[in-house]
Amino acid sequence: AKATLYQPNNYEYAYTYDDQNHRYFFNTKDFYPFGTNLESTDDLTAFYINNKINFDLLSEDDYLDIGYSSSFKERISRLNRYALKRNQYTGGNGFDYDNDLVNPNVDAIYDEHVSADVSFEDRILLINSVYLPADYFDAEVSDANMYAQAFIKPMDSMEILFGARQVNFSQVVYQYKEDRVNPGRLMQRIPEELTLNKLYPSLSLKYKLNNDNHLDFAYSQTYIVPDLREFTNGAYSHPYDVATVVGNPNLVNTNIDNYDFKYSHYFSETENAKVGLFYKYLDKPIEDTMLQSSSLPVYSFDNSDYATLYGFEFDGRKNFDFIYKSLKDFYISGNFSYTKSDVSLTDEQTNLYSVNHRELQGLSPIVINVSLSYEVKDRSAVISYNKMGERIRKVGMIEVIDDEQFRYPDEVEIPPQLVDIVWIEKFDTGIDLKVKLGNLLNEDTIIKQGSSITRSYKDGTTYSVALSYKY
């Protein structure tokens, strides 16, 4: 498989408010607007093989499943930067930058003052290439897994599934760096490697109290590796914040121990209610952080020492025929989870980040999903509600100025409530119609630091209609 990402026109720019004239103007003095051109190509080769062997050890349902999977991915990523500056050679021939650059459309400014066929003497804005070697990187990711799992049924009321997976993972990022020592100052292609060679076990046990009531216990070990961009020391523009993101080649993988216990009651094959408890231990969790900056925000990533998570969850699905039999095609479904987490920093990190023993970055302690649906053979309609609790968006940092520490609070996100409607109609002609209305409430997403709101924005309401035909 091959995938290509091409982003030719990403702009970063700023408008400054003119208090005297009560308007905004395109600021080219205090902030250099610039554009980026990103090209990235991934080539992926993958295959897997598995074999399932049935054997009557304790029951006729027992089996052994063994397999092997392998993948290899290559990435070539090139980010080019172009700064937009005032023409210092001619001074713009008397151009009034503060009063004449007031067009709110950045594309119109580029068309008129950058892309247009204008002589150098009359050109008021110049584009300069801002090349950083770290903006280029190549990467190779190799992932090979040998796994085996066995299912046994010691009695009709008990099922056991256990196994293990041997992971051999390698991620090499080749970063470009200028050789400032040797003559010629040639580019160096320096590898940064992350390897993982570990056995990850798993175990699940199901006990049926009766046909309608089950108990489940599960244990597993899993892992998370940093994204390729997170693993480079290159800087790139945040996709929607006015900020720069800097990678961290010192990141390591996160190992996770998962424990789950659940009780399930089944009203029917399609209706159930479940309640569960869970506990997770994360060794070296990867978190989004803030770095010191004298101007615009700079984000990065770091491994905390460890984190623990525990909590409970509830999910279920039930129709309304217990109220009236005629309501058997109407359903309510949903889930609720509450998670308490605690992150521990290393001794070194306590001098870098503001708060030790806090919630895990990116985790909402409370998540609610509720859906009301109508389902028959050729028609379904669903209205769904989602709410996620307040969560840490970026880990706050400590800044030292003149030997004095300033502790910046964690940047916190308050997600909006979401309401969506989906209607699907299936016709006898083979045509299916799907109508979706998304984010009907269109509430603000609020970003805070301490008691101050630093940003709020709306994602907007979406509408879509899709037709499909089967023949």
Side-chain angles (χ1 to χ4, degrees), residues 69 71 139 141-149 162-173 192-204 217-233 246-261 276-291 299-313 337-365 367 391-398 410:
S69 65
S71 66
V141 181
S142 176
D143 190 7
N145 296 263
M146 176 74 76
Y147 67 89
Q149 62 179 7
F162 61 95
R165 178 171 50 142
Q166 176 64 44
V167 175
N168 292 284
F169 177 87
S170 172
Q171 178 172 287
V172 184
V173 177
E192 296 281 355
E193 185 173 10
L194 172 67
T195 59
L196 176 61
N197 190 339
K198 183 174 169 54
L199 185 70
Y200 290 90
S202 63
L203 167 69
S204 65
F217 169 79
Y219 167 76
S220 65
Q221 286 187 353
T222 56
Y223 68 95
I224 299 173
V225 296
D227 180 74
L228 290 177
R229 267 195 162 184
E230 296 175 357
F231 194 60
T232 70
N233 61 11
V246 179
N248 180 0
N250 297 316
L251 292 176
V252 298
N253 63 284
T254 303
N255 286 318
I256 307 174
D257 288 271
N258 305 283
Y259 300 85
D260 294 276
F261 178 77
L277 304 173
F278 59 85
Y279 174 85
K280 301 177 185 294
Y281 178 86
L282 286 72
D283 183 42
K284 304 295 185 294
I286 301 172
E287 298 189 290
D288 291 3
T289 64
M290 292 186 286
L291 299 180
Y299 303 147
S300 189
F301 314 93
D302 204 355
N303 291 103
S304 301
D305 193 13
Y306 66 90
T308 57
L309 288 75
Y310 61 90
F312 66 90
E313 56 187 348
S337 67
Y338 172 78
T339 307
K340 179 65 177 177
S341 62
D342 180 77
V343 175
S344 294
L345 303 177
T346 65
D347 292 339
E348 180 183 355
Q349 288 174 333
T350 57
N351 297 316
L352 298 175
Y353 305 121
S354 300
V355 183
N356 194 6
H357 297 293
R358 50 164 172 76
E359 298 289 333
L360 182 67
Q361 179 272 322
L363 175 70
S364 291
V367 177
R391 59 192 177 193
I392 297 175
R393 187 168 180 266
K394 304 291 179 185
V395 175
M397 65 175 181
I398 298 174
D410 297 325

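Reckoned from all heavy atoms, side chains included, excluding hydrogens, waters and symmetry mates.
- Here the OG atom belonging to Ser220 is positioned 7.0 Å from the CG atom belonging to Asp260, to the nearest 0.5 angstrom.
- Ion pair Asp410/Lys394 not flagged as a salt bridge, since none of the NZ, NE, NH1 or NH2 atoms sits closer than 4.0 Å to an Asp/Glu carboxylate oxygen.
- Using a 4.5 Å cut-off on side-chain heavy atoms (C-beta onward), Val225 and Phe231 make no contact.
- Across all non-hydrogen atoms, the minimal contact from Leu194 to Val252 is CD1-CA, 3.9 Å.
- We find the CG-OG1 distance between Asp283 and Thr254 to be 8.0 Å, quoted to the nearest 0.5 Å.
- Ser304 places no side-chain N or O within 3.5 Å of a backbone atom of Lys284 that could act as its donor or acceptor partner.
- Within the 4.5 Å cutoff, no side-chain heavy atoms of Asn258 are placed close to those of Phe278.
- Surrounding CG of Asp347 are at most 12 heavy atoms belonging to other residues, nucleotides or ligands under 6.0 Å away.
- Defined by atom type and a distance below 3.5 Å, a donor-acceptor pair is missing between the side-chain atoms of Asn255 and Asp257.
- Across all non-hydrogen atoms, the minimal contact from Tyr353 to Met290 is CE2-O, 4.4 Å.
- Between the Ser354 side chain and the Met397 main chain, a donor and an acceptor come within less than 3.5 Å of each other.
- Within the model, atoms CG of Asn356 and CG of Leu345 stand 4.0 Å from one another, a figure rounded to the nearest 0.5 Å.
- The shortest side-chain heavy-atom distance between Ser344 and His357 falls under the 4.5 Å cut-off.
- Side-chain atoms of Phe169 and Val141, non-hydrogen and from C-beta on, do get closer than 4.5 Å to each other.
- The distance from the CG atom of Leu251 to the CG atom of Asp227 is 10.5 Å, given to the nearest 0.5 Å.
- Counting heavy atoms from C-beta outward, Leu228 and Val173 have side chains that approach closer than 4.5 Å.
- Using a 4.5 Å heavy-atom cutoff, the side chains of Lys198 and Gln166 are not in contact.
- Side-chain contact check for Glu193 versus Val172: some heavy-atom pair is nearer than 4.5 Å.
- For the pair Tyr223 and Tyr200, the tightest heavy-atom approach, listed with the atom from each and the gap, is CB-OH, 3.4 Å.
- Considering CG of Asn303 and CD of Gln349, their distance stands at 8.0 Å, rounded to 0.5 Å.
- A donor-acceptor pair under 3.5 Å is formed between the side chain of Asn248 and the backbone N or O of Phe301.
- In this structure, Gln149 contributes its side chain and Phe162 its backbone to no donor-acceptor pair below 3.5 Å.
- With hydrogens and angles disregarded, no donor-acceptor distance shorter than 3.5 Å links the side chain of Gln361 to the backbone of Glu287.
- Within the 3.5 Å criterion, the main-chain N or O of Gly247 finds no donor-acceptor partner in the side chain of Thr232.
- By the 4.5 Å heavy-atom criterion applied to side chains, Val167 and Asp143 are counted as neighbours.
- For an aromatic pair to be called close, the ring centres must be under 6.0 Å apart, and Tyr219 with Tyr259 satisfies this.
- For Ser341 (side chain) and Leu360 (main-chain N/O), a donor-acceptor pair under 3.5 Å exists by modelled atom type.
- Other residues, nucleotides and ligands contribute more than 12 heavy atoms inside 6.0 Å of the OH atom of Tyr281.
- To the nearest 0.5 Å, atom CD of residue Gln221 and atom CD1 of residue Ile256 are 10.5 Å apart.
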